[in-house]
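Have a look at the structure below before the remarks.
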There are 2 protein chains.
Amino acid sequence: MNFDRTRAAGVLAAELARLYGAELQRRLVPLGLSAAQFLVLSELWAEDGQTQRQLTARLGVEQATMANTLARMERDRLIERMPHPDDRRAQIVALSDAARTLRAEAVDAAAEVNQSVLEGLPAAERELFLSMLGRIVNAMRAPGANPQT
Amino acid sequence: MNFDRTRAAGVLAAELARLYGAELQRRLVPLGLSAAQFLVLSELWAEDGQTQRQLTARLGVEQATMANTLARMERDRLIERMPHPDDRRAQIVALSDAARTLRAEAVDAAAEVNQSVLEGLPAAERELFLSMLGRIVNAMRAPGANPQT
DNA sequence: CAATATACCATAGCATGCTATGCAATAGCG
DNA sequence: CGCTATTGCATAGCATGCTATGGTATATTG
């Protein structure tokens, strides 16, 4: 009849996400980045010049969320938007020079934070944990994961 | 040199938290509750009449976050606040009748969502996953988890 | 006791997530 | 071609997280 937060997978995940976000933010702030901005940049570092639509799909957030994040990134001179050559509705999101410069440092910082998360587990279990986390996320993302929808 | 989101524990946790939050919200909305409100209520169902301070500590959010959440819950008639008998700075947070009535239904809904999260894993691995998640969160919560702080 | 330090809350301002809307451009169809 | 549907974004409004700040009450200390 009670609800045990310490055994609720989602609640624990939310807490992990909060702690991780805070730590990542702490490491990225000196570079002038937030965690959400970093994720967008990590996509653009892999492939510059994507549309907002593509970024939204790849990062799995809603379109409106991405629009807001991109607006802040443009304000902060991390990206530039230019007209799409073939589709006047769309825009190309391009890295600024500043964002290109930040790449190595930011990726290092994020890698360290990801490593530090896993340090809570013995090395032998880390791969398994990532695998299980990945499978759970995939299962929840899949259609039909929502009963009676 | 790249950042692989699919292998970053924190990013996966954030995504799990988002998906979980959305699903929990979907199940709680018919009851007039949000996920954050549910967590506060789950504390109060266990022990009614706590102070804001206690709730903040137990749920692990910042004091300001709790103040805002409690304000919305008071607005929504889920809680009532009354003066603390011994300390005029503090207030007692008490369940409303409506909140007491919601208990069984809300706990059931949350339990189902938690169960559905774990369905992404074979039954044999579920306990281990919860254990690992719990250990990671504990390790990150612990002081000294932050290098060079 | 008076002054200072702490503790408990509230508020302001921001980021990032969401849903709901609306506009403009493009695609599809009769 | 012209109408409708779809697609790509932007904006509004909200919840929930945060930090920073300030007010009031209580505790501590010289």
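Sequence lines set the chain letters: A, B, ... in the order given, protein chains first and strands last, and positions in each chain run from 1.
- Of the possible donor and acceptor atoms, none in the side chain of A:Trp45 sits under 3.5 Å from a partner among the backbone N and O of A:Ala104.
- Among the protein residues, B:Arg72 comes within range of the nucleic acid bases, having at least one heavy atom under 4.0 Å from a base atom.
- Remark: B:Asp86 engages no residue in a side-chain hydrogen bond (donor to acceptor under 3.5 Å, both in side chains) (not counting sequence neighbours).
- Both B:Gln63 and A:Ala67 lie near DNA chain D, and the one whose nearest nucleotide falls closer to the 5' end is A:Ala67.
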Discussion item. As a quick check of understanding, evaluate side-chain contact (heavy atoms from CB on, under 4.5 Å) for B:Thr51 and B:Val93, giving each step before the final call.
Written reply: CA-CA 6 Å; B:Thr51 64; B:Val93 178; over 6 Å; no
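- With a cutoff of under 4.0 Å to any heavy atom of chain B, the contacted region of DNA chain D is bounded 5' to 3' by D:dA15 to D:dT26.
- Looking at A:Asn114, its side chain does come within 3.5 Å of a backbone N or O of A:Ala110 through a donor-acceptor pair.
- Take B:Arg88 and apply the side-chain hydrogen bond (donor to acceptor under 3.5 Å, both in side chains) test, not counting sequence neighbours, and it matches no residue.
- In this structure, A:Arg53 places its CZ atom where only 12 or fewer heavy-atom neighbours from other residues, nucleotides or ligands lie under 6.0 Å away.
- Positionally, the nearest nucleotide of DNA chain C for B:Arg53 lies more toward the 5' end than for the other of B:Thr65 and B:Arg53.
- Residue order along DNA chain D, read from the 5' end via each residue's closest nucleotide, puts A:Gln54 first among A:Arg18 and A:Gln54.
- To the nearest angstrom, C1' of C:dC9 lies 13 Å from CG of B:Leu55.
- When heavy atoms are screened at a 4.0 angstrom cut-off, B:Ser34 is found touching the sugar-phosphate backbone but no base atom.
- Partners of A:Arg77 under the side-chain hydrogen bond (donor to acceptor under 3.5 Å, both in side chains) rule, at least two apart in sequence or in another chain, do not exist in this structure.
- Looking at residues 76-89 of chain A, you'll see A:Arg81, A:Arg89 sit with a heavy atom under 4.0 Å from some atom of DNA chain D.
- When heavy atoms are screened at a 4.0 angstrom cut-off, B:Ala64 is found touching base atoms of the nucleic acid.
- A donor-acceptor pair under 3.5 Å links the side-chain atoms of B:Gln37 to the main chain of B:Ser34, judged by distance alone.
- Applying the side-chain hydrogen bond (donor to acceptor under 3.5 Å, both in side chains) rule to A:Ser131 yields the partners A:Arg135; only residues at least two apart in sequence or on another chain are considered.
- Rounded to whole Å, atom P of C:dA7 lies 19 Å from atom CD of B:Gln91.
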